[in-house]
There are 2 protein chains.
Amino acid sequence: MSKTKLDSIDRKLLDLLQVDAERQVADLAADVGLSATQCWRRVQRLKEAGVITRQVALVDRAKVNVAVTVFVAVRTNTHTEQWFNRFRATVEAIPEVVEFYRMSGDVDYLLRVVVPDIAAYDQVYKRLIAGTQLFDVSSSFAMEELKFTTALPLSYLP
Amino acid sequence: MSKTKLDSIDRKLLDLLQVDAERQVADLAADVGLSATQCWRRVQRLKEAGVITRQVALVDRAKVNVAVTVFVAVRTNTHTEQWFNRFRATVEAIPEVVEFYRMSGDVDYLLRVVVPDIAAYDQVYKRLIAGTQLFDVSSSFAMEELKFTTALPLSYLP
DNA sequence: TCTGAAATAGACCTCGG
DNA sequence: CCGAGGTCTATTTCAGA
């Protein structure tokens, strides 16, 4: 893996592609002031370097009936590797869990879960605690999603 | 907007496209057992119905130097609409904030922020509290991202 | 060596059956 | 509803700087 140096044109391309990956090469080229060929090569390099990992379709949460977001803060008192592996496997097998972090501080793990309603959340909750022994689980419901973007800020480029 | 009924083939298509939107129609068609034309029509309909909202490029967090994730829990004691509008505008203008929810319970708002390091987070923090009067701000750092997916679970389809 | 224009290949999308 | 062909786009090649 080479030292990926990204200049301002790469940055512009990423900015555009993070918002809409369907744009045509010629179109992008015009926006960044490059020939189509050159632009195509840039995008190719960004993919090969692993800067762009992949391209995905985003789906409307309400339209697939998972409008409810729940954050689940988990604390444990069993800090063994065995416990962790089991917990991790449990969580990864639950498709309703879309994010899963190991945290510093008070809470040990934080999960973001998407479900249709509270009843469905209860099912997920049961699956979670069935897998492993948890010390404390605290669920917070999101009332409204005010911002959600997959576009990362590009002001800190290497 | 028509009542979007999604059958098991739509579900399969969404499942595939949520993971990789670059797959070719003929390829998808083979996987779901449809003719290319029919498959193309399905995907088209999913887009027109707004089930698929758009297609984006996902970028490697480490490669663009925002490897650190911070969750910011915000509490306020100024529950006016004017305050909210100001806060919302402040938050939306900060590209480091990638998620922003209004919560029930103890915490009023939850933000997910991505930055290169703690110093950079401090800058974001300052921008946050500069915009509006906040009662309490509590930051938790993620040590490790164990799971992150943009793919929603499709077991609750309408 | 690098650029960009033009050829090629291949996928999308439309249309007739 | 299906497949075949026309059209458009990505990709490669190649001549020139």
Side-chain angles (χ1 to χ4, degrees), chain A residues 1-60 63-64 149-152 154 157-158, chain B residues 1-61 63-65 149-152 154 157-158:
Chain A
M1 190 170 69
S2 63
K3 274 253 139 356
T4 319
K5 274 280 178 300
L6 303 174
D7 65 14
S8 75
I9 294 180
D10 290 320
R11 191 200 136 138
K12 255 187 205 159
L13 284 173
L14 287 174
D15 250 331
L16 295 168
L17 291 173
Q18 279 195 125
V19 171
D20 180 4
E22 287 181 296
R23 301 221 17 215
Q24 308 189 168
V25 176
D27 211 19
L28 288 172
D31 267 26
V32 302
L34 235 52
S35 74
T37 306
Q38 204 63 286
C39 181
W40 179 82
R41 282 185 183 142
R42 290 269 189 161
V43 175
Q44 219 59 17
R45 273 187 22 221
L46 289 169
K47 287 180 182 172
E48 278 158 21
V51 178
I52 294 174
T53 53
R54 62 212 175 106
Q55 203 165 303
V56 299
L58 297 185
V59 166
D60 187 282
K63 294 236 167 70
V64 294
T149 179
T150 54
L152 302 174
L154 300 176
L157 286 194
Chain B
M1 191 171 69
S2 64
K3 275 254 134 0
T4 319
K5 274 281 180 299
L6 303 173
D7 66 14
S8 75
I9 293 180
D10 289 320
R11 190 201 136 138
K12 257 187 203 159
L13 285 172
L14 288 173
D15 251 332
L16 295 168
L17 291 172
Q18 279 195 126
V19 171
D20 180 3
E22 286 180 297
R23 303 226 9 218
Q24 313 194 157
V25 175
D27 212 19
L28 288 172
D31 267 26
V32 301
L34 234 52
S35 74
T37 307
Q38 201 63 291
C39 181
W40 178 81
R41 202 68 193 105
R42 290 270 189 160
V43 175
Q44 220 57 17
R45 282 230 226 89
L46 289 169
K47 288 180 182 173
E48 279 158 21
V51 178
I52 293 174
T53 53
R54 62 211 175 106
Q55 208 165 299
V56 300
L58 297 185
V59 166
D60 187 282
R61 290 196 300 126
K63 294 237 166 69
V64 294
N65 197 26
T149 180
T150 54
L152 302 174
L154 299 176
L157 287 194

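Proteins get letters first, then strands, A, B, ... in listed order; numbering begins at 1 in each.
Among the atoms of the strands shown, base atoms are found under 4.0 Å from some heavy atom of T37(A). The residue R41(A) sits close to a base: some heavy atom pair falls under 4.0 Å.
Nearest-nucleotide positions on DNA chain D place A36(B) closer to the 5' end than the other of A36(B) and E22(A).
Taking side-chain N and O atoms only, W40(A) has no distance below 4.0 Å to OP1 or OP2 of dA10(D).
Summarising the geometry, the separation between CG on L34(B) and C1' on dC2(D) is reported as 11 Å, rounded to the nearest angstrom. Between Q55(B) atom CD and dC12(C) atom P there is a gap of 11 Å when expressed in whole angstrom units. Rounded to an integer number of Å, the gap from Q44(A) CD to dA10(D) C1' is 9 Å. Rounded to an integer number of Å, the gap from CZ of R42(B) to P of dC12(C) is 18 Å. Nucleotide dT11(D) holds its P atom 16 Å from the CZ atom of R45(A), rounded to whole Å. Rounded to an integer number of Å, the gap from CG of L28(A) to C1' of dA10(D) is 12 Å.
Of the candidates dC1(D), dT11(D), dA10(D), the closest approach to any side-chain atom of Q38(B) belongs to dC1(D). Of the candidate nucleotides dA10(D), dC2(D), dG4(C), dG4(C) has the atom nearest to the side chain of S35(A).
Q18(B) places a side-chain N or O within donor-acceptor distance of the main-chain N or O of L152(B), the cut-off being under 3.5 Å. The main-chain N or O of L58(A) is found under 3.5 Å from a side-chain atom of T53(B) such that the two form a donor-acceptor pair.
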inquiry  = If you apply the rule salt bridge (charged side-chain N to carboxylate O under 4.0 Å, His left out), what do you find for R42(B) with D10(B), and how did you get there?
reply    = CA-CA 7 Å; R42(B) 290 270 189 160; D10(B) 289 320; 3.2 Å; yes
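Atom CG of L14(A) is separated from atom CG of L6(A) by 6.5 Å, given to the nearest 0.5 angstrom.
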